[in-house]
Structures are given as C-alpha cells and as structure tokens.
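So the structure is just underneath, and the comments pick up after that.
The shown structure was predicted, so the numbers you read here are calculated from the model rather than taken from an experiment. Throughout, a chain's letter reflects where its sequence line sits, starting with A, and its residues are numbered from 1.
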Protein chains: 2
Amino acid sequence: MTDQSASRRRILDATRRLIEADGVAAVSMRKVAAEVGLAPTAIYWHVGSREDLLHAVLDEMVADLPPIRARGAGARDRIASVARAARQEFLDQVATLQLATELGRGNELSFRTQVALAREMTTADLEGDDAVAALRSILFLVGGFVVIEEQYRQRPPGELATRDLWAEVDDPDIDPAIREAMTGPTDTDALFTYSLDRLLDAVLD
Amino acid sequence: MTDQSASRRRILDATRRLIEADGVAAVSMRKVAAEVGLAPTAIYWHVGSREDLLHAVLDEMVADLPPIRARGAGARDRIASVARAARQEFLDQVATLQLATELGRGNELSFRTQVALAREMTTADLEGDDAVAALRSILFLVGGFVVIEEQYRQRPPGELATRDLWAEVDDPDIDPAIREAMTGPTDTDALFTYSLDRLLDAVLD
DNA sequence: ACCTGAACACCGTTCAAGT
DNA sequence: ACCTGAACACCGTTCAAGT
C-alpha cells in the first residue's frame, strides 16, 4: 500500500480534486492525464480503466470518513445521535455520496451506520424482530433524507422547485393555509429532527 | 400538439423505447437516428439537443402516469393509501423515476403526491404547522424509500450487498441475533408498511 | 419545411513500440 | 517497470448545402 508509485499517487489525487470540484462527470482520462503531465494511455497502466480509477478514489474517500460515534447517555439519545451523525457526514461529504451512488456502492456507506445502530440497539437491550425493524426503518429514514436532500441541492438552474409549483395551485379541496405553507421553503434540518423524533417515539419500547 | 411531424413522433417513441429497455445512458443521438432511419443531425432539427430530447420524453412519461387516488374511509387509511400508491407508482415505472432523477426533475414527481396528501389532510381537518410537518415527513418517507429501493435494485453485479458485509462482522458489542437477522434479505414492502404505520401513529392526532 | 454530409472537438480503450 | 503515439470506435453539435 505504501510502495505505490508516485505517478499512481498523483493520478488518484488529481482525480479526487476533479470530482470534488466539478463532479464525477468532469473526470475524463485525458483531463486527468493532462493534470499529472502524462499521456492519457499511461493512466491505464497505473490504475486501469476509468471505472477502476473511480473505485480506487472512492476507496480512499471512504477510508477518510470520520467514524460514526454515539453521544449522550440514554438509549434514545444515543440512537438519535447516530442517525444525526450519519446524515451530517454525507451533507459534509457530498462528493463521497455522489461517487458512491454513481458506482452502485451506496450500500457500503449505509453499512457504517448499520453497524453503529446495531451497537446501540444491543447496548439498550433491544432484541428480536422489533429491534431489527426499528434499525432498518431508522436506516431508511436517514438514507432517504440524505439522498433526497442531495437531489434537491442538485436541481438544475432552470427547473422549478415544488414551492413554485404550489404557488399556482388553486384547489378548493385544499386548505389555503396548507397551500400557503407549501409555497415556503423546507427546513430540512428541522424536518429531519421532527421525523426522527416521531419515528423513535413509535419504534422504541 | 397533435400536428407534430411524423418524424418527431417516431424520434420520441424510439428514445422512450431505448430508455425503458436499456436506461438513459443508452440514448445517443446516433442510435436514435439509426432507429428511425434518419441522419443523426436530423434529430436536432426536430427536437433540439440530447437534453431537450430527454426532457420531451419525460414530459410524455409524466403525462402517462396514472393519477394518485386515495382509497378507504377514515383519514388515516386514505393518507396511508396515497403514500402506498405513490410508492407503487414508481416501483412500476422505474424508467420514469430514473429519467426524472437524471434531469433533476424528481421534484415534479414528488409534487403529485404532495397535492394528493394535501387534499386528504384538508378533508381530515388537519390544519396548521402540524399538518404541514406531517405532510412533509410522509413525503420524505415515500421519496426516501423509492429512491433507496431503486439504488438497491441497480447495484452492479460485482458489488456486495450489505447482508454480505454483515456476514463478516464479529463484534462482541452486537447482539448475535441482530447480526444474524441483518445477514438476511430485507422485505422492503413490509418495512415500508411498518415505517409508514409507525410514522402515522406519531403524526396523526 | 425537412434532411444530409462534412467537420470539429471531444470521449474510452488497445496495443505495438520505445526506454 | 514505466510511458508514448497511433489508431479505433464511439460521442454531441454546428453549419452549409441540398430538395
């Protein structure tokens, strides 16, 4: 691992820089090669195909993720803190999430959270099918929020947000107050806390 | 709308066929052109760029989606039925979801569910911030499930599922029964029903 | 109005050839 | 072991030219 060639090291670093600056789509073999001052074909010798290259970069990104640590005293607090930490991790590391999704390795990221949750469930003496169902439902909540928030952030300039679409709704079967509220922005932080709290209410003991 | 040229019609149909068979990535101007028997450059005259083409196809896919209808008598049943119908719609129309995500128009799909939920909230006399928070949390639950299930389905052949990763876990802080259960398959239908029920428990009155 | 062909600037990838 | 250059089969897109 430590005796990799300097060229390989520079190729991986340049690729990661490209991804974090302009997204996965911005990575081309010719661009990476230019960045490190090699012929495009030299990349193949060091890291293999474009896909191999992206996988290698993701490996390093995943290794660099901070561990998910539980905080707090009670079981509920600790479980909630894991869920919040997992979400925060990917809000902070958008490139990692995007690359993992692109390569079909989102499950690897999810796994870290699964293990952390399983530890807290065990500590809290939660057992059996209920514990597993609770674990998985929390997992989907976190994963769902992260992925949807990410999609929301990547909405192309021209596209309308749903709050704009709501401004044009004129439906007598819909409470005007609800309609009005839907034209406002969504506070995803607050919504996540709310959803998580409600789910934990229902799922724990 | 009805007086579009036959060529344009055939271009849109061929593109949609390509997307539904092999995914968005399989759509190239040259392939579409070959499919309809025109020179690649003729596509530009009829539908504009590749992006314009994809947007036009998505427009038609969205128009073809069946309306989301509430079923049942009580408020809770009707709200749950909307959530289930919304999820089912996209499990049935994977190509539509994939294309919308790719084009950053996932919010449009979400909007249909938002309106249907707002109607049921109004009928049930749910009002104020609580109703909106409930609506949005249900929305994120449905959206999260749909997107994650979709990602899960697209896992490339070589990649490991998290259940495989669990098989190698040997952590004294994790209940062996939980570990064992996590090596099994996830019944996403049951998990969705479970999560939705728990959320509705906590969110409705 | 509708379509073609040539052309440009990009891709990923293979492979023989060099040092 | 490490790297280059030529080459192949693809891309999206523009534009002048044809009917």
Quick one: L53(A) CG to dT13(C) C1', roughly how many Å, whole number? 14 Å
Can R16(A) and E20(A) be counted as an ion pair, charged N to O under 4.0 angstrom? yes
Would you please test Q98(B) and E102(B) for side chain to side chain donor-acceptor pair (under 3.5 Å) and show each step? CA-CA 6 Å; Q98(B) 199 206 335; E102(B) 181 102 354; 5.1 Å; no
From CE of M29(B) across to C1' of dT13(D) the rounded distance in Å is 8 Å
Between I43(B) and R50(A), the residue closer to the 5' end of DNA chain C by nearest nucleotide is I43(B)
What is the distance from CZ of R10(A) to C1' of dC2(D), rounded to the nearest Å? 14 Å
Protein-nucleotide distance (K31(A), atom NZ; dA9(C), atom P), rounded to Å: 17 Å
Using a 3.5 Å cut-off on both pairing distances, which stems of three or more Watson-Crick or G-U pairs include DNA chain D? C:4-8 with D:12-16, C:12-16 with D:4-8
Would you mind classifying the nucleic acid contact of T41(B) as base, sugar-phosphate or nothing, using non-hydrogen atoms under 4.0 angstrom? base
Within the 4.0 Å heavy-atom criterion, would you say V27(B) contacts the bases, only the backbone, or no part of the nucleic acid? sugar-phosphate
Candidate nucleotides dC2(C), dC3(D), dT14(C), ranked by approach to the side chain of S5(B) - the nearest: dC2(C)
Rounding to an integer number of Å, can you tell me how far H46(A) NE2 sits from dC2(D) C1'? 6 Å
Measure CH2/W45(A) against P/dG5(D) and give the value in whole Å, please. 18 Å
dC3(D) OP1/OP2 closer than 4.0 Å to side-chain N/O of S7(A): yes
Counting only heavy atoms not in R9(A) (residues, nucleotides, ligands), do more than 12 fall under 6.0 Å from its CZ? yes
Atom CZ of R30(A) and atom C1' of dC10(D): how far apart are they, to the nearest Å? 11 Å
Assess whether a salt bridge exists between E89(A) and R112(A), defined as any Lys/Arg side-chain N lying under 4.0 Å from an Asp/Glu carboxylate O. yes
N/O donor-acceptor pair under 3.5 Å between R198(A) side chain and V203(B) backbone: no
Once you round it to whole Å, what is the distance between P of dG12(C) and CG of L54(A)? 10 Å
Any Lys/Arg nitrogen of D59(A) or R105(A) sitting under 4.0 Å from an Asp/Glu carboxylate oxygen of the other? yes
For R71(A), is there an ion pair with D77(A) - N to carboxylate O distance below 4.0 angstrom? no
